[in-house]
Colleague: 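I have a structure here, written as structure tokens, and I will follow up with some questions on it.
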Amino acid sequence: MERLIAPSLLAADFNNLGACVQMINDSEADWIHCDVMDGVFVPNISFGLPIIEHVAKITAKPLDVHLMIADPDKYIDKFARAGASIITVHWETCPHLHRTVSLIREAGLMASVCLNPHSPVQMLENILPHIGMVLLMSVNPGFGGQEFIEETFVKIDTLKEMILRKNPECLIEVDGGINFETGSRLFAAGVNVLVAGSFVFSSQNPAETISRLKKG
Ligand code: DX5
Ligand code: ZN
């Protein structure tokens with residue numbers, strides 16, 4: 001099974017964003033995770049289209065855009081044009097999720113759906129055949145540096161069984177509180193993609209941390 005690492009720019013030094021992206025470019029990271037927060041769906045505001053456009057200009061790594069925003073349908077095209085390769089929307093923000101997923105796919109991107117820690121994976125039963133990835137939040141979205149929520153493992157087991165039945169190609173990504181310990185257990189549990197923010201960027205040698213995370 002392929003193991004992918006997506007460092008989260010949320011924890012990068014924004015005064016040196018170019019250097020942080022260059023570090024990711026030179027590392028074994030597979031994707032760059034971009035956390036977009038609107039202060040409405042989540043209690044924090046991060047960054048949006050202009051930053052993503054600039055990052056896209058200086059990297060060949062796919063941009064994994066995690067939209068923590070209300071009414072994401074309005075912005076799918078804009079994020080696609082800004083350079084996203086993958087767009088993740090929250091199940092909790094999409095009353096017409098099938099339409100939202102179709103918009104992402106029509107823009108030529110991988111569609112991914114995210115669940116907050118309290119949202120049951122069973123809600124994805126009917127959308128699974130239409131998406132390339134499920135993102136499970138292992139912290140409450142909005143902030144980096146939080147503690148991993150252990151119950152995520154139960155959700156992974158249930159989701160894996162659902163994916164086997166409905167769409168065996170679908171990837172599982174986990175986001176929040178990832179370090180060497182939680183990361184290796186998540187890969188062992190069958191997770192495909194790990195998002196890591198503060199653990200990577202607060203380490204002495206971020207590229208080495210990415211490499212070690214990838215080895216599980
Ligand atoms: C949280 C974001 C995460 C965040 C993870 O709302 O979705 O991507 O950057 O940060 P860490 O790895 O520090 O928990
Ligand atoms: Zn994220």
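Just follow the structure's listing: the first ligand is 1, and inside any ligand the first atom is 1. Source: prediction; values computed, not measured. In this chain, residues are counted from 1 in sequence order.
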Colleague: Any salt bridge between D30 and K214, counting N to O under 4.0 Å?
Modeller: yes
Colleague: Under 4.0 Å from a heavy atom of A196: give me the atoms of ligand 1 that qualify, with their elements.
Modeller: 12 (O)
Colleague: Please name the atom of D35, limited to N, O or S, that comes nearest to the Zn ion (ligand 2).
Modeller: OD1
Colleague: Starting from atom 10 (O) of ligand 1, find the nearest protein heavy-atom neighbour and note its residue, name and distance.
Modeller: G144 CA, 3.5 Å
Colleague: Donor-acceptor pair, distance only, cut-off 3.5 Å: does the side chain of S8 make one with the backbone of A196?
Modeller: no
Colleague: Among all the protein's non-hydrogen atoms, which is closest to atom 13 (O) of ligand 1, and how far away is it?
Modeller: S198 OG, 2.5 Å
Colleague: Heavy-atom contact check, 4.0 Å cutoff: does A11 meet ligand 1?
Modeller: no
Colleague: To the nearest 0.1 Å, how far is atom 12 (O) of ligand 1 from its closest protein heavy atom, and which atom is that?
Modeller: G197 N, 2.8 Å
Colleague: Relative to ligand 1, is F199 under 4.0 angstrom through side chain, backbone, both or neither, heavy atoms considered?
Modeller: neither
Colleague: Between T88 and V113 (side chain of the first, backbone of the second, donor and acceptor by atom type, cut-off under 3.5 Å), is there such a pair?
Modeller: no
Colleague: Show me which atoms of ligand 1 lie under 4.0 Å from any heavy atom of M137.
Modeller: 7 (O)
Colleague: Would you confirm whether D77, through its side chain, and A80, through its main-chain N or O, come within 3.5 Å as a donor-acceptor pair?
Modeller: no
Colleague: Would you mind listing which atoms of ligand 1 come within a distance below 4.0 Å of any non-hydrogen atom of M68?
Modeller: 6 (O), 7 (O)
Colleague: Under 4.0 Å from a heavy atom of V195: give me the atoms of ligand 1 that qualify, with their elements.
Modeller: 8 (O)
Colleague: Hey, which atoms in ligand 1 end up nearer than 4.0 Å to a heavy atom of M37?
Modeller: 6 (O)
Colleague: Look at ligand 1 and say whether F143 reaches it with a heavy atom at a distance under 4.0 Å.
Modeller: yes
Colleague: Starting at OG of S112, measure out to CD1 of I131 and round the result to the nearest 0.5 Å.
Modeller: 6.5 Å
Colleague: Quick one: look up the protein heavy atom nearest atom 14 (O) of ligand 1 and list residue, atom name and how far away it is.
Modeller: G177 N, 2.8 Å
Colleague: What atoms of ligand 1 come within less than 4.0 Å of a heavy atom belonging to D175?
Modeller: 2 (C), 3 (C), 4 (C), 5 (C), 7 (O), 8 (O)
Colleague: Report the relative orientation of the aromatic rings in F148 and F153; use parallel for angles under 30°, tilted for 30 to 60°, perpendicular for over 60°.
Modeller: tilted
Colleague: Do N140 and I149 have side-chain heavy atoms sitting under 4.5 Å apart?
Modeller: yes
Colleague: Among all protein heavy atoms, pick out the one at the shortest distance from atom 2 (C) of ligand 1; state its residue, atom name and that distance to 0.1 Å.
Modeller: D35 OD1, 3.4 Å
Colleague: What distance separates L213 CG from F187 CZ, expressed to the nearest 0.5 Å?
Modeller: 7.5 Å
Colleague: Look only at the side chain of D64 and the backbone of H33, and say whether a donor-acceptor pair between them is shorter than 3.5 Å.
Modeller: no
Colleague: How wide is the angle at the Zn ion (ligand 2) between ND1 in H66 and OD2 in D175, to the nearest 10°?
Modeller: 90°
Colleague: Of all N, O or S atoms in H33, identify the one at the shortest distance from the Zn ion (ligand 2).
Modeller: NE2
Colleague: Mark up the atoms of ligand 1 that fall under 4.0 Å of a heavy atom belonging to P141, in ascending order.
Modeller: 6 (O)
Colleague: Under a 3.5 Å cutoff, is there a donor and acceptor pairing between the side chains of N25 and T59?
Modeller: yes
Colleague: Quick one, E161 with R165, criterion salt bridge (Lys or Arg N to Asp or Glu O under 4.0 Å). Give me CA distance, side-chain angles, the key distance, then yes/no.
Modeller: CA-CA 7 Å; E161 179 275 316; R165 264 189 304 110; 2.8 Å; yes
Colleague: Does R99 come within less than 4.0 Å of E106, counting only side-chain N to carboxylate O?
Modeller: no
Colleague: Can you sort out which atoms of ligand 1 are near H66, meaning under 4.0 Å from one of its heavy atoms?
Modeller: 7 (O)
Colleague: Atom 6 (O) of ligand 1: which protein heavy atom is closest, and how many Å away?
Modeller: G142 N, 2.7 Å
Colleague: Which heavy atom of the protein is the closest neighbour of atom 9 (O) of ligand 1, given with residue, atom name and distance?
Modeller: S8 OG, 2.8 Å
Colleague: Check whether any side-chain heavy atom of M68 lies under 4.5 Å from a side-chain heavy atom of D35, and answer yes or no.
Modeller: yes
